[in-house]
Amino acid sequence: MFPYDMNTGFGPVNTSRSPHACLKTSEFRNVLLNEGFWTKKITINRKASLQFGFEMLKKSGNFDNLRIAAGSFKGKYRGYVFIDSDIYKWLEALAWEIGREPDEDLSSMADQAIALVAAAQRFDGYINSYVQSREFFEPWTDLDNGHELYCAGHLFQAAVAFKRALDDDRLLDIACKFADHICSVFGPDKRHGACGHPIVEMALVELFRATNESRYLELAEFFVDQRGQNEMKGHRSYGPEYHQDHVQVRKVVEAAGHSVRQLYFASGVTDLFLETGEQALLDSMLRLSKDIVETKLYITGGMGARFDGEAFGDPYELPTDQCYCETCAAIASFMWNWRMLLASGEGRFADQMERALYNNILASPALDGRHYFYINPLMLREARHLRLSTDLPPSEVFVPDQRPEWHDCACCPPNVMRLFSSFSYYLITHDSKGIQIHHFAPADIECDLANGQRVKLNLMTEYPWQGRIQLRVMESGNSSWALSIRIPEWSQNQILSINGEIVKDMRHEKGYIVLEREWQVDDVIELDLQMDAVFVASNPRIDATRGCLAIQRGPIVYCLEDRDQEKRGQLLDVEIDNNQPLMTNWKDNLLDGVMVVEASGQFIDSDSWHGHLYQPVSSSLPAVAQSTRLVAIPYYAWGNRKIGGMRVWIPKKSR
Ligand SMILES: [Zn+2]
C-alpha cells in the first residue's frame, strides 16, 4: 500500500492543485444532471451499454486472455495485442457510474474484472495478457507496436477513476505496482524509448495527481521527451510520423500521422505543461491546435482524413465519403481540448469539445447503446460501400443494416462509455474569481470558491434543442464572485437578462460573458443564445466540399438521409437553395426525439447527361427535374433506421 494522497471525489482530470492550470476542475459530484438530453443518453449508457460491453468482452476473449496470463485457463490468446485496454476503458466507465449511483450488478461486473486483472499481474508488477500468454516472449521487445505502455496507460486511468469515484484502492494498488515496475525499466539512466501508441503520458500525469508520487510525473516527461528521434517503425506507407516520432515535441508545427495517437500524445503534453509550466510545450500545442482548426478539422469535429494509417491528411484534404474520422479521434480531441481549456481559460477549446461531442462522438453509438460506429463518414452513397473499420467487411456483398455491435479493434465503444459516464464533470470549472459554465445541460451545480464561499446554482435548459439557458442562484456568500458563461462559436446574437432586466453592456472575456456581483439567493440569469438553423459554407480550399453547404443548428450538424427525401436513391442529384428559409420542426417520435430541419431544394435531371461522365462545358448544364423539400436530421442520429444513403454537404443550387 502506498500512502495515497486523499483526493477522492474528482473526475478524470484533476487540476485542483496543478500550478499552471488557469482553471481548476471541480469535484465529480459537484454537478448533478437533471432530466434532459444528456440524462437520456447516459441512462442508456448505464442501463444497456455497460452490461452489453461486459458480454462483448466475454465473447471476444478479453477476460479469457487475462485468465491465460494468470495461469488459470488453458487456451490461445485472442484478438489484437492491445485488447486489455478495452477492459480498462470499460472499467473506468463502471467506476464513474457506480460512483454516481450504486448498483449491485455493475459492482459485481467490476469485481469480477478487477479480480482477473489482479490475478494476471506478475510478481514484479508487470501486466499484459498478450505478452504473458506467449512462451519465450519477453516484455518490452516491440515498443513501436506492442502497445504494452498503451494498455498500462488505460489501466492507470481506470485505477484513478476507482479511487476518485469510489475511494476504491484495488486497481490503484495494481496500477502503482505496474507503474513502479515501468519506472524501474525506463528512464534517463535506464532503458530509452517510448510507446508507439501514446496515452501512458497523460495517464502517468494523472497517476501523479492521484498519488502525489513525483516519479510518475518524471516518467511522463521522460516519455514525452523520447519522441522525435525519427526511429519508430511506422505503418504501411507511413514512417515515424505515424507515431509522431518524426519531430521533437517542442518543434511541432502541424498535426501528422495516426490521428488518435497524435491527439492522445497532445493530451499528455498539455497535462505535462499544467504541472511544469514549460512554455515551449504550450506554444507547441497552440501551434498544433491552430493547424488542426484551420486546415484539418471536419465540421463534425472529426479528424483523420485518410483510411491509410488512420491518419491526418494534407491541409484542406477533407474528403466526405472516404474520410476516417474514428470515434476515438473525436474523443481524444475532446480530452485534449479540455486540457487546453484548463491551461488557457479560452472558450474556443470548449467550442471544439462541443463540436466533437454533439456530432462525431454522438454518432458512434446507436440509439440503443448496443451498436457502434468506428468510422464516421460525412457521406455514404450505398450501404455496401460502408467501411466499418480498418478491417474489410465480411464479404463483397456485405450490406450492414445498422452499426456493428462490436469490432475486432474495439477501442471506440468503451471509449464512448467512459466519456458518457463522466460527462457531467466537464460542465464547470472554477478559479480565484468564480465559476465558469462550459457546457449546458439541466443540472444542480455546487462549488466551493477559493475564499471558502459555497455557491449553488440550478441550471435549466433544453440544450441542444433550444438556446435558452437559465441559471438560478440557490446559495451564495456575502462577497462578490464572477459567473462566466461560454458563448458558443455558433451563437451570433445573444440576449441576456438578470432578474428580468435586459443587460446591454456585456463583459466578454476569452469567449465567455462574465457577470461579477454580490449574487443573492433567487437571482435569475437568463441567456438566450438565439439558436437558428443556418447554412454553413466551407473554405474554398476544401475542394471536396467546394460549392456545397451544410446545415447547422446550435451545436448540431445536420445531414440528409435518403429515406427522408421525396425521391429515394437520388442523393447524388440534390441541390439546396440557400435563398429560401430553413424551417425547424420538433418530432417527438422520430429517433428518440429530434429537431428536424427542412430546406428548399431540387433534384437535377442527371439523365440529361445521357450516361456521360464528361461533356464539353457548352452542353453540360443539367435540366432541373423537380423542386423538392429536403428533410435533414441531426448527423448523430443517422443510420438508426437501416443504413442507407446519407450526406452532410449538399451542393448549392446551380440555377
Ligand atoms: Zn477507436
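When reading the values below, keep in mind they use all heavy atoms of this one structure, side chains included, and skip hydrogens, waters and symmetry mates. Numbering of ligands and ligand atoms starts at 1, following listing order.
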(message) Tell me every residue that passes salt bridge (Lys or Arg N to Asp or Glu O under 4.0 Å) with Arg348, counting only those two or more places apart in sequence or in another chain.
(response) Glu346
(request) May I ask you to decide if Met353's main-chain N or O and Asn337's side chain share a donor-acceptor pair within less than 3.5 Å? (result) no
(request) Could you please tell me which protein N, O or S atoms lie under 2.8 Å from the Zn ion (ligand 1)? (result) Glu326 OE2, Cys328 SG, Cys411 SG, Cys412 SG
(message) Donor-acceptor check, side chain of Glu206 to backbone of Val160, threshold 3.5 angstrom: yes or no?
(response) no
(message) Could you work out, with salt bridge (Lys or Arg N to Asp or Glu O under 4.0 Å) as the rule, every residue matching Arg287, not counting sequence neighbours?
(response) none
(message) So that I know where these two stand, are Trp336 and Phe273 an aromatic pair - ring centroids less than 6.0 Å apart?
(response) no
(request) Could you tell me which residues satisfy salt bridge (Lys or Arg N to Asp or Glu O under 4.0 Å) with Arg339, sequence neighbours excluded, listed by chain and number? (result) Asp271
